[in-house]
Enquirer: 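Quick one: this structure, given as structure tokens, is what I'll be asking you about.
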Amino acid sequence: MSSEDERPGEPAAGGPADSAPAAGGPEQLALIRETVRGAKVPKAKPRTWRGAALAKELPVARVVVNKGVLHLDQYFDYAVPEELDAEARPGVRVRVRFGAGAHRVRDGRREGGGLIDGFLVERRADSDYGGALAALAYVVSPEPVLGPEMLALARAVADRYAGSLADVLQLAIPPRNGRAESRPSPEPLPPPPAPAPGSWERYASGPAFLAALAGGGAPRAVWTALPGPGWPEELARAVAAALASGRGALVVVPDGRRAARLDAALTALLGEGRHALLTADSGPEKRYRQWLAVSRGSVRAVVGTRSAMFAPVRALGLVAIWDDGDSSHSDDRAPFPHVREVLQLRAAQEGCAFLLGSTSCTVEAAQLVESGWARPLAAGREQVRRAAPLVRTVGDGDLARDEAARAARLPSMAWQVVREGLKSGPVLVQVPRRGYAPRLACERCRTPARCRHCSGPLEAPDERELTCRWCGLGAVDWHCAECGGTRLRARVVGARRTAEELGRAFPAVPVRTSGRDHVLDAVPGRPALVVSTPGAEPVAEGGYAAALLLDGWAMLTRPDLRAGEDALRRWIDAASLVRGQDDGGTVVVVAEPTLRPVQALVRWDPTGHARRELADRAELGFPPVSRMASVTGRADVVGAFMAVMRLPADAEVLGPVPLPVPPPGRPRRPGEPPVGEVWERTLLRVPPGSGAELAAALKAAQAARLARGGTDQVRIRIDPLDIG
DNA sequence: AGCACGCCGACT
DNA sequence: GTCGGCGTGCTC
């Protein structure tokens, strides 16, 4: 199996003098084997380990190379030179020669194969690789950054999302910064005392959840938070309870604004030094310093945005996500993991508690409760009634009948509520962002039009023909499944102008705006009109007196499966900033009162809404009950990919359908076809339980195609977002 | 992706 | 004979 006169670092075809074994036992020599092709003998560059001995103990380093290519999604073994023995510990960053010809010898010099980054995952006594091992080039830094828990998590995430381990590690481990590493991290503080329940008392099982956490338990809960400003403190208490048990805690929020609020609440409750804030707002050095403090165990609690979901918290006791319906919880880099899914994996893997909190409720959260994986953590009706504002609706029909309203494009009831509200404080006006693409819906009852074959959304690209966005089949003689109507409509209204007109109608009142470009954090409690797009609503001192939610139809008819859920979430977010109804808080939503999300807002019942959506999705074969994946790329490439792919037996193929060409002038986004190419998207759907099989099949097909050298890649996305 | 190896046609 | 075309396959 091995010929003993070969040693890396020695000349290839050298005589006995050249190849005389240096120090090192026969078991080390056995590592270095004849290459299959014959007389070629590996040869290290002088600066690596030429002539050097191997490490005496565990001379093999198993390395994950930092190349996201799928058919390289495997470990590679390297020899550990003696002088790297001490530093080459599991978890450190290394550099290795990698590439065809890395073992080729010319003029007694090893050549080819550039240096690439990797992580050392394990030291071993021997290798199961049949060829000759190359040596580690060097250890980048002795800091161990990839522990066994993180490795297992990254592996699970890669499998779940049909991605490579290296891709996930790139999301999980921040780039190195030498200065940050050279600084010592602070001494860890002893666990704090268990916190009092505080406002968790408002939830029937709130104090019990906290007590279980503090006692070292691992409860899992979907928490429907009461509207109002209480959530940061409540999350802070959950973190404190986990810390009190001697374990760590991790909370992921959607954006820096909310991270700052939670940061403040934690500092108020626990003081400085017990938690790290991991957001993109701090620069790379500071961020890495914080990350290292967590990795080294100096800090045991983490608050952060998306990428903090991988933070290497020691002895994790609690993972929590706030507002899981916010789209920024979905990573925008391959393989596009979602914070909720990653934290679920962590909770299962590390046996820790799980808390999903939101004032609203996603279908996925409802499914966690329905499946029994998590328990509901909600307040009673009386608490909800006290905390939530009064919600009134104005339908489009009312708008049409109301003479004055038609002129001003606002129903008179909305006028009254605004006028009344301005007497006692600020009034919030929520206006949908421009660019919301409404979906085709029944003219009579507004039910979105769906394909009768696969239940995909219908569209009318040329105004005449109806086709399905999922399977591409034409829809002839469409009629509404709900009311039997045969006419469709899709209107677009200048929503922003409505708000501006509203501002002009109250000239004595200051108008402030908050939106994409300039987001206001807070406004004073004085009377003012605050016009905001969803998600940018400032907090009002003392709460808003009233809120006006305009053009609900535009939010409800977006071509997205989550349109209803999203609209409800954004309404609830805005309405949560309004005073409770006992204090006169009133919300007017301009939308069809019969629609499910509108009714859920009136009853303030986001959980019921999500439960009914979940039942519908199960019936129609939609995610998250079924698992879906999209395959996108040039038409011929998608075709070739699908030809290679071995589908799970229970998989359904929808499409392919051509992708819309992006409007000229705008820079092309990833996933959009370049000019002159026709791209297609095929959707794959499998029933519950076959998700892992689907991901594995996609990955295998991608690897097979890549190995064949094609530069023509398809984009694979598990749980695609824009499929509605 | 790179990069080398291998098995075919036109040149000194 | 042998230089070099780029098709195919490997990278510890």
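Letters A, B, ... are given to chains in the order of the sequence lines, protein chains preceding strands, and every chain is numbered from 1.
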Enquirer: Measuring from A/Arg95:CZ to A/Leu115:CG, what's the distance to the nearest 0.5 Å?
Expert: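 So the CZ of A/Arg95 and the CG of A/Leu115 are separated by 5.0 Å.
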Enquirer: Working to the nearest 0.5 angstrom, can you tell me the gap between A/Arg306 CZ and A/His329 NE2?
Expert: 10.0 Å
Enquirer: Is there aromatic stacking of A/Tyr129 on C/dC12 here, judged by a ring-centre distance under 5.5 Å and a plane angle under 30°?
Expert: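 Here the ring of A/Tyr129 and the base of C/dC12 are stacked, with centres under 5.5 Å and planes under 30°.
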Enquirer: If I take atom CG in residue A/Asp73 and atom P in nucleotide C/dT11, what distance separates them, rounded to the nearest angstrom?
Expert: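 That distance rounds to 16 Å.
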Enquirer: Residues in side-chain contact (heavy atoms from CB on, under 4.5 Å) with A/Pro144, at least two apart?
Expert: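 Not a single residue meets the side-chain contact (heavy atoms from CB on, under 4.5 Å) criterion with A/Pro144.
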Enquirer: What is the distance, rounded to the nearest whole Å, between atom CZ of A/Phe98 and atom P of B/dA1?
Expert: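 About 15 Å, once rounded to whole Å.
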Enquirer: Separation of A/Gln74 atom CD from C/dC10 atom P, in whole Å?
Expert: 12 Å
Enquirer: Between A/Asp77 (CG) and C/dT11 (P), how many Å, whole number?
Expert: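 Result: 12 Å.
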Enquirer: Please state how far atom OH in A/Tyr78 lies from atom P in C/dT11, giving the value in whole angstrom units.
Expert: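 Interatomic distance, OH of A/Tyr78 to P of C/dT11: 10 Å.
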Enquirer: How many Å lie between CG on A/Asn66 and C1' on B/dG2, as a whole number?
Expert: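 These atoms are roughly 17 Å apart.
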Enquirer: Report the residues that fulfil ring pair (Phe, Tyr, Trp, His ring centres under 6.0 Å) with A/Phe336, sequence neighbours left out, ordered by chain and then residue number.
Expert: none
Enquirer: Distance check needed: C/dC12 C1' versus A/Arg123 CZ, whole Å only.
Expert: 15 Å
Enquirer: Rounded to whole Å, how long is the line connecting atom CZ of A/Arg97 with atom C1' of B/dA1?
Expert: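 Computing the A/Arg97:CZ to B/dA1:C1' distance gives 17 Å.
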